[in-house]
Amino acid sequence: MASDNSTIQTIIKKVYDLATVLSGQGIAFTDYIKQLSYLLFLKMDYENSSLFGVESSIPEDCQWNTISELAGPDLVTKYEKILDTLSLQKGLIGTIFTRAKNEIITSVYLQKVIKLIDENQWLVMDEDVKGAIYESILEKSGGDAKSGTGQYFTPRSLIQAMVDVTRPQIGETVADPACGTGGFLLCAYEAMKNQSNDRAKIAFLNNSTFFGTDNTPLVVTLASMNMYLHGIGTESCPIKCADSLIKAPDSAFNVVLANPPFGTRAAGSVPINRDDFIKDTSNNQLNFLQHIMSMMKEGSRAAVVLPDNILFEAEGETVRQELLNYYNLHTILRLPTGIFYKPGVKANVLFFSKGGTTKEVWFYDYRTNVHHTLVNKPMLRSHLEDFVLCYNVSDIENRKETYHEISNPEGRWRKYSKSEILNRPKTSLDIVWLKKGSSFDDTSLDKILNTLIECNENIYNSVKELSNILSNLNIN
C-alpha cells in the first residue's frame with residue numbers, strides 16, 4: 001500500500017503541476033481535465049489491445065498510437081478529428097466522449113498532456129490506485145474556486161455518513177438522478193464491493209448495480225471516466241447524459257442517493273409535464289424530490305440532500321404530506337453552513353423509505369452552534385459519528401432521544417410524531433429547539449463572510465421570486 005500511495009501522490013503532483021502550467025496559458029482546469037479523461041481512455045484502450053491482445057472497440061484511425069508520436073498542427077488536427085468521430089459512437093465510448101471538443105489548441109501543450117499519460121502503464125494499475133488518482137484530481141479541481149467544478153461536489157464526509165446509514169447491499173440497485181462526478185455511486189460501491197466473493201454477484205455489482213444521470217456533458221464525461229477507472233461499467237456505462245426531470249423513470253431502484261441542484265429550473269428548459277408529480281413547479285429541488293419518490297421500488301430507501309425551503313415553503317406542502325402519508329420519512333439531518341463550495345447554503349438530508357407510512361420523524365440538529373469552513377475547519381466524517389450512532393441503523397425501531405426538556409435541553413437528537421407535524425402550519429418540517437449561543441465568542445472572518453453572502457443570497461432569491469410573481473400577474 002505504501003508504494004501505491006507513493007504512486008498516487010507522484011502522479012497527482014505531476015497532473016496538478018501541469019494544470020498550473022496550462023492555467024498560465026489560459027487553459028482552465030475543467031478544460032484540462034476533460035482532455036486528460038479523453039486521452040487517458042485512449043491510452044488504456046491501447047494498452048488493453050497491445051499488452052493483452054483484446055480487440056479494440058475504437059476505430060483504428062482513432063487509437064492512441066495515431067497521435068502519440070505526432071507534433072505541431074498535425075497533432076491538433078488529428079486529435080480533433082478523433083474527438084469528432086468518437087463523440088458519435090454508442091455505448092461507453094460515446095458516453096465518455098459526449099460532445100467532446102479539444103480545448104488545448106496549442107500543440108506543444110497538448111503534447112505535454114500526452115507525454116504525461118504516456119509515462120505510465122495505466123491498465124496494469126489496481127483499480128483502487130487508478131480510481132484514487134482520478135478522484136483526487138477531481139477533488140482538487142473542486143477545491144479550486146476558479147475551476148467552477150465545486151458546484152458538482154458533495155463533501156465526502158457527508159456522502160460517507162449517508163451511505164453508512166443507508167447500507168446498500170450487493171444485489172441491490174443504486175441510483176443518483178443528479179450524479180455529478182459520481183461521488184455517491186462510488187462511495188456505495190466501496191461499501192458493497194467486499195460484501196461477497198460470489199462471481200455472479202460481483203459481475204452484477206460492476207455492471208448492473210449503478211445508474212447515474214446528469215444533464216451537463218462535462219460532468220457526464222468525468223463521472224463516466226471516474227466509474228470506469230474504478231472498474232465499474234466496463235461493459236455498459238452506468239452514466240447517461242439526460243435531463244432526469246423530463247419524464248417518469250423507466251426503472252425503479254432499491255437505493256437512491258442524491259444531492260440535486262438547488263434553485264429554479266433554468267429558463268428555456270424543456271417544460272416538465274409529469275402525471276406522476278403531485279405539484280407542478282419550477283422549483284428544481286422540489287421536482288427532484290418528486291422524481292426520486294417516483295423512482296423508488298417498494299421497500300426501497302433514499303437519502304437526499306435538500307435545501308431548507310423544501311421543509312417549510314407553502315409550495316411544497318402537498319409533497320411533504322405525500323411523504324408523511326405514503327412514505328416513511330423517518331429521519332432528517334440538519335446540516336451546518338460552510339460545508340459546500342457555494343457559501344451560505346442551508347441544507348438537510350432527508351432519509352425516507354417506500355412502503356408503509358410515517359409514524360414519527362427523528363431530527364438531528366447538526367447546525368445550531370456548529371461552524372465549519374472548507375479550508376480552516378472542514379467537516380470530517382468523525383463530526384457526524386454521533387448522528388450515525390443515534391440513527392441506529394441496526395435497530396431503527398429502538399432509537400433513543402438525547403434531548404430531554406429538563407435533563408438535556410441541548411440534546412441534538414429528537415423525535416416528533418406525524419400528528420404533531422401535520423398540525424404545524426403548512427406541515428412545516430423546519431423545526432429548531434436548540435438555543436443559539438453568543439455569536440461573539442468565536443467570531444471569525446469566515447463566519448462573517450458566510451453570513452453576508454447568505455443575507456445577500458436571501459435578498460437576491462426574494463427579489464427573483466417577487467419578480468416572477470409580478471410577471472405572472474402581468475404587472476409592470
Side-chain angles (χ1 to χ4, degrees), residues 7-8 11 14-15 18 31-71 74-104 110-135 137-138 181-182 186 189 203 206-207 210 212 217-241:
T7 300
I8 291 170
I11 295 175
K14 288 182 178 180
V15 169
L18 182 52
D31 295 331
Y32 167 48
I33 202 171
K34 272 192 294 184
Q35 309 313 313
L36 198 71
S37 302
Y38 302 149
L39 292 165
L40 184 55
F41 184 82
L42 292 177
K43 176 63 159 53
M44 290 178 64
D45 175 82
Y46 176 70
E47 290 176 0
N48 204 24
S49 176
S50 60
L51 297 177
F52 301 105
V54 178
E55 185 177 353
S56 175
S57 299
I58 294 177
E60 191 173 342
D61 63 344
C62 294
Q63 293 177 15
W64 175 260
N65 60 322
T66 65
I67 59 169
S68 58
E69 300 298 329
L70 287 179
D74 289 345
L75 170 62
V76 175
T77 301
K78 178 62 177 176
Y79 180 55
E80 290 177 349
K81 286 182 179 178
I82 289 174
L83 296 184
D84 287 341
T85 300
L86 298 185
S87 67
L88 301 176
Q89 300 291 301
K90 297 184 182 299
L92 174 64
I93 296 171
T95 304
I96 287 180
F97 289 86
T98 299
R99 301 184 197 174
K101 180 183 177 183
N102 177 32
E103 305 288 353
I104 307 178
L110 183 56
Q111 266 187 290
K112 285 181 180 292
V113 181
I114 290 172
K115 183 176 182 297
L116 174 66
I117 292 172
D118 218 12
E119 287 176 352
N120 295 281
Q121 287 190 346
W122 295 84
L123 204 64
V124 297
M125 289 184 195
D126 186 89
E127 274 80 6
D128 288 342
V129 176
K130 289 187 295 224
I133 291 168
Y134 196 74
E135 277 196 275
I137 295 166
L138 291 179
T181 58
L186 285 169
Y189 170 74
N206 289 338
N207 292 296
F210 302 102
L218 160 66
V219 176
V220 170
T221 292
L222 301 183
S224 301
M225 198 62 190
N226 205 4
M227 302 293 279
Y228 177 74
L229 290 172
H230 281 83
I232 306 167
T234 55
E235 294 180 5
S236 176
C237 186
I239 311 297
K240 65 178 181 179
C241 188

If I take atom [atom1] from residue [X] and atom [atom2] from residue [Y], how far apart are they, to the nearest 0.5 angstrom?
X	Y	atom1	atom2	result
Met44	Met225	CE	CE	6.0 Å
Ile133	Trp122	CD1	CH2	5.0 Å
Met227	Ser224	CE	OG	8.5 Å
Leu123	Ser50	CG	OG	9.0 Å
Asn102	Tyr38	CG	OH	9.5 Å
Asp45	Leu40	CG	CG	11.5 Å

List the atom of [X], the atom of [Y], and the distance in Å for their closest heavy-atom pair.
X	Y	value
Lys34	Leu218	CG-CD1, 3.1 Å
Leu86	Pro59	CD2-CD, 3.8 Å
Ser37	Ile33	OG-O, 2.8 Å
Leu42	Trp64	O-CB, 3.6 Å

Can you tell if the side chain of [X] reaches within under 4.5 Å of the side chain of [Y], non-hydrogen atoms only?
X	Y	result
Val113	Leu36	yes
Lys78	Asp61	yes
Lys14	Leu18	no
Val219	Ile239	no
Ile114	Leu75	yes
Val129	Ile11	no
Leu51	Gln121	yes
Ile67	Leu39	yes

With no hydrogens and no angle check, is any side-chain donor or acceptor of [X] less than 3.5 Å from a backbone partner on [Y]?
X	Y	answer
Gln35	Lys101	yes
Tyr32	Val15	yes
Gln63	Tyr46	no
Ser87	Asp84	yes

May I ask you to check whether Asn226 and Thr181 show a side-chain donor-acceptor distance below 3.5 Å? no
Does CD in Glu119 sit with more than 12 non-hydrogen atoms of other residues, nucleotides or ligands closer than 6.0 Å? yes
Results of ring-ring contact (aromatic ring centres under 6.0 Å, His included) for Tyr228 - residues two or more places apart only: Phe41
Which of these passes side chain to side chain contact (heavy atoms under 4.5 Å, CB included) with Pro217: Thr95, Thr98, Leu222? Thr98
